[in-house]
Amino acid sequence: MASENPSAHSGGSITSVLQETRVFPPPAAFAEAAGIKSLDEYQKLWNWANDDNEGFWAEQSKSLDWFKPWDQVLDWQPPFAKWFVGGQLNASYNCVDRHCNGPDKNKAALIWEGEPGERRVLRYQDLQREVGKFANVLKGLGVKKGDVVALYMPMIPELVIAALACARIGAPHTVVFGGFSAESLAGRIQDCKAKVLVTADGGYRRGKIVPLKVHADGAADECPTLTTVVVYKRTGHDIEWNEGRDRWWHELEAEVSADCPPEPVDSEHPLFILYTSGSTGKPKGILHTTAGYLLQTSLSSKWVFDLKPDDTYWCTADVGWVTGHSYLVYGPLAQGATCVMFEGAPNWPDEARFWKIIEDYRVTILYTAPTAIRTFMKWGDQHPRKHDLSSLRLLGTVGEPINPEAWMWYHSVIGGGRCPIVDTWWQTETGAIMIAPIPGATPTIPGSATRPLPGIVPEIVTKDGKPVGDNKGGFLVIKKPWPAMLRTIYGDDDRYKAQYWSDIPGCYFTGDGARRDEHGNYWIMGRVDDVLNVAGHRLSTMEIESALVSHPVVAEAAVVGKPDEVKGQGIAAFVTLETGQAPSEKLRQELRAHVTKEIGALARPDEIHFTDSLPKTRSGKIMRRLLRDIAAGVESTGDTSTLEDLGVLANLRRSEQGED
Ligand code: WT7
């Protein structure tokens, strides 16, 4: 995996990133009021953590509430880490109850807006009551400490409530994004052997109902471990009902008390499993545990978003992704913040929806993805200009490299030139933000995630693990364990070792290529493995290939990313058909629909090229590099000497020019 040149995947925008020289120091007034006020202060924290890693985290751990203090900061048996060994705590207590002991009990925890326009505010004590009730519901269904609960929900407060209810009783949750298909959901439920699935009749997206219950039914039929499906009534439309298996959320809740004492769990008790795509066909269940994850998401929320008691913070990510887990649920709620949560699409009923939300709730911090920013740019300045965005004081981005053009637009049109931008690099596996500016301290540069947070020690290395030095591209690795790191791939320690700790000796390998400049700023160049990043969503080429090949007429398939101005990457598929099958536009549409059914619409190829054969090496490996060049419409400069049949390449190029 680490055998490729890290710059191989760099698109055009990366080149301009490399030449970026504009620097934006923190605005003086911002720095003055900020939690961390200067680069010097940041550097002291980072040095402290670097010199005395365990001492640093020991001190930070005081910011959580513990039922039983820990005995040992770190037990590191590479690559297996245990943090805060011997301690006991509860994540839902830290995110909810501890804010209910004083005046914050009346503070808004969640401000929710549904796509059709409904509004709900849950104060911390409302959240406590709702979480308590649903925790009792789960108990009543026989869910015990350690049992996995699957959540397949729209972006409604009940998703947050259900997640925290699981944490309250020590039942790890696995949230599956509502855009995934029945098949994907079933695969995840089977892998983690969930007993209970929580879903809704539907959710709203662009004025239409997303039929979650239909998909949930499709999945449940294939999952023998699943005994109960709890259904929240969100839309009220007619749904199929399976007596004996399906239960209404509101009926179950009517029977329980709101009082459910939080279960003390060990620091290393599993908090959740979140599936993400790797370079093989099967999604990986990333396992996060309680104390380290909670500590680092909470602290990074404070450091990177400079959270203050009166902030109104809006993370636009769906809770189905790690960003929603860490920065809509656990991090900000552990900090006692007020979080905005929105159910729908940014262009419903029109393209100004986000800006109207910011104006209506006087949002102060906005955290969103570069792909969204590029989409807003395309829609035009007139939409944000219609709304008063003067409440904003800080902007954040996550999920993919941001091109300087989008950064500058975000800065001037949304931020009015006054808001620092925090470009945050991290991964499902890292659990929490790893490299990002501290907004009152770090000068920002369009396209750079800048510096590692205190406690995080990255390096850029060759595939033998040797540091490459300043301004040279290499592989991004993390050298020291960190509290929020994944603990393993659920049920597969060997895959965990092979995937993250084998390519480069002694380090966690991120799968990203990067460069560090002479000032210590990191520039992330993107994935160097077969993982795609499409509109900030992580997808595996192999997974899409498997989906294509599962169609009866497909003989072989190869999937690659191609540069896309808005989505960062688009999906291009090269398909060979079984003998006797003829390519057609109808078949192309059928294959796209097939991928949607197998994985979800987010994995649907943008382009499908039919071809007689795929370029392979003499040993039979598909030469993806060549396919990437073809999909991008650029000449291949690399070596083709191992290609089995050069004619294949010529044919592909011909069909690319519209002759298929
Ligand atoms: C991959 C992780 C982090 C939560 C959302 C995505 C890419 C992430 C950045 C950034 C450049 C970024 C990397 C990483 N990525 N943030 N600020 N700049 N690239 O989590 O789905 O686990 O994907 O997203 O390639 O490896 P994920």
Side-chain angles (χ1 to χ4, degrees), residues 1-2 6 9-11 13-14 17 20 175 177 179-180 274-279 283-286 288 296-297 300 304 315-331 367-374 395-404 406-407 410 421-437 444-453 458 475-478 484-486 489 499-500 508-515 521-540 543 561 567-569 602-603:
M1 181 207 324
H9 294 228
S10 312
S13 63
I14 301 297
V17 159
E20 185 60 47
V175 183
F177 173 58
F180 279 116
L274 184 60
Y275 286 84
T276 189
S277 296
S279 42
K284 306 178 279 194
I286 302 300
H288 283 288
Q296 209 183 322
T297 52
S300 55
V304 177
C315 166
T316 69
D318 194 289
V319 175
W321 306 108
V322 75
T323 306
H325 280 65
S326 301
Y327 296 105
L328 200 166
V329 183
Y330 290 107
Y367 190 33
T368 196
T371 192
I373 298 165
R374 290 190 293 264
L395 304 172
T397 78
V398 59
E400 37 173 335
I402 182 164
N403 47 314
W407 197 103
Y410 200 29
I421 295 181
V422 288
D423 173 355
T424 63
W425 176 86
W426 57 295
Q427 310 177 296
T428 306
E429 291 88 342
T430 68
I433 296 172
M434 303 289 275
I435 304 178
T444 56
I445 312 167
S448 171
T450 73
R451 295 160 203 244
L453 294 189
F475 300 106
L476 177 63
V477 298
I478 311 292
M485 68 190 271
L486 78 163
I489 293 175
Q499 189 85 50
Y500 304 106
Y508 167 84
F509 177 46
T510 62
D512 280 327
R515 170 181 76 93
N521 293 305
Y522 285 78
W523 301 78
I524 312 296
M525 287 149 60
R527 302 289 308 196
V528 295
D529 52 14
D530 291 324
V531 169
L532 301 180
N533 192 331
V534 179
H537 296 152
R538 183 161 154 186
L539 293 166
S540 140
E543 209 178 333
K567 295 192 287 188
Q569 273 186 315
L602 68 169

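We're numbering straight along the sequence, starting at 1. In what follows, every heavy atom counts, from backbone to side chain, and hydrogens, waters and symmetry copies are set aside. Counting starts at 1 for both ligands and their atoms, following the listed order.
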Practice task
Identify the protein heavy atom lying closest to atom 23 (O) of ligand 1, giving its residue, its atom name and the separation to 0.1 Å.
Solution key: R538 CD, 3.6 Å
Exercise for the section: Apply side chain to side chain donor-acceptor pair (under 3.5 Å) to Y327 and S300, showing your working. Expected result: CA-CA 9 Å; Y327 296 105; S300 55; 2.5 Å; yes
Exercise for the section: Distance to 0.1 Å, residue and atom name: give those for the protein heavy atom nearest to atom 14 (C) of ligand 1. Expected result: D512 OD2, 3.2 Å
Practice task
Report yes or no: does a heavy atom of G511 sit under 4.0 Å from some atom of ligand 1?
Solution key: no
Exercise for the section: Return yes or no for this condition: an N or O of T276 is under 3.5 Å from an N or O of ligand 1. Expected result: no
Problem - Nearest-neighbour protein heavy atom for atom 3 (C) of ligand 1, which is reported as residue plus atom name and distance - result: W426 O, 3.0 Å
Fill in the blank from the handout: Going by the 4.0 angstrom heavy-atom rule, the piece of P401 near ligand 1 is both
Handout entry: V322: numbered ligand 1 atoms lying under 4.0 Å from its heavy atoms
Key = 4 (C)
Problem - Sub-4.0 Å atoms of ligand 1 with respect to non-hydrogen atoms of T323 - result: 4 (C), 5 (C)
Practice task
Report yes or no: do S326 and T297 form a side-chain donor-acceptor pair below 3.5 Å?
Solution key: no
Exercise for the section: Determine whether L274 and H288 make a side-chain contact, defined as any pair of heavy atoms from C-beta on separated by less than 4.5 Å. Expected result: no
Exercise for the section: May I ask you to decide whether E429 forms a salt bridge with K284, counting only side-chain N to carboxylate O separations under 4.0 Å? Expected result: yes
Exercise for the section: With atom 17 (N) of ligand 1 as the reference point, say which of V398, V531, D423 has the nearest heavy atom. Expected result: D423
Exercise for the section: Take the angle between the ring planes of W321 and H537 and call it parallel below 30°, perpendicular above 60°, tilted in between. Expected result: parallel
Fill in the blank from the handout: Looking only at protein heavy atoms, what sits closest to atom 6 (C) of ligand 1 is G399 CA, 4.0 Å
Completion exercise
Tightest non-hydrogen contact, residues L602 and G179, listed as CD2-O, 3.9 Å
Practice task
Tell me which protein heavy atom sits closest to atom 27 (P) of ligand 1, plus the residue, atom name and distance to 0.1 Å.
Solution key: T428 OG1, 3.5 Å
Completion exercise
I524 heavy atoms within 4.0 Å reach ligand 1 at atoms 11 (C), 19 (N)
Exercise for the section: Heavy-atom distances under 4.0 Å are what count here, so tell me which part of N533 touches ligand 1: side chain, backbone, both or neither. Expected result: side chain
Completion exercise
What one should report as the nearest heavy-atom pair of I433 and A436 is CG2-CB, 3.6 Å
Problem - ligand 1 to T510 polar contact by distance, N or O atoms, under 3.5 Å - result: no
Handout entry: Aromatic centroids of F509 and Y500 separated by under 6.0 Å
Key = no
Handout entry: Closest non-hydrogen atom pair between I286 and T276, with its separation
Key = CG1-CG2, 3.5 Å
Fill in the blank from the handout: Within 4.0 Å of some non-hydrogen atom of T424, the atoms of ligand 1 are 9 (C), 10 (C), 16 (N), 17 (N)
Problem - Short N-O contact, E400 and R374, less than 4.0 angstrom - result: yes
Fill in the blank from the handout: Closest non-hydrogen atoms of W523 and G447, given as atom of the first, atom of the second and distance, are CE3-O, 3.5 Å
Completion exercise
With heavy atoms and a 4.0 Å threshold, my read on which part of E400 contacts ligand 1 is backbone
Handout entry: Any N/O pair T397/ligand 1 closer than 3.5 Å
Key = no
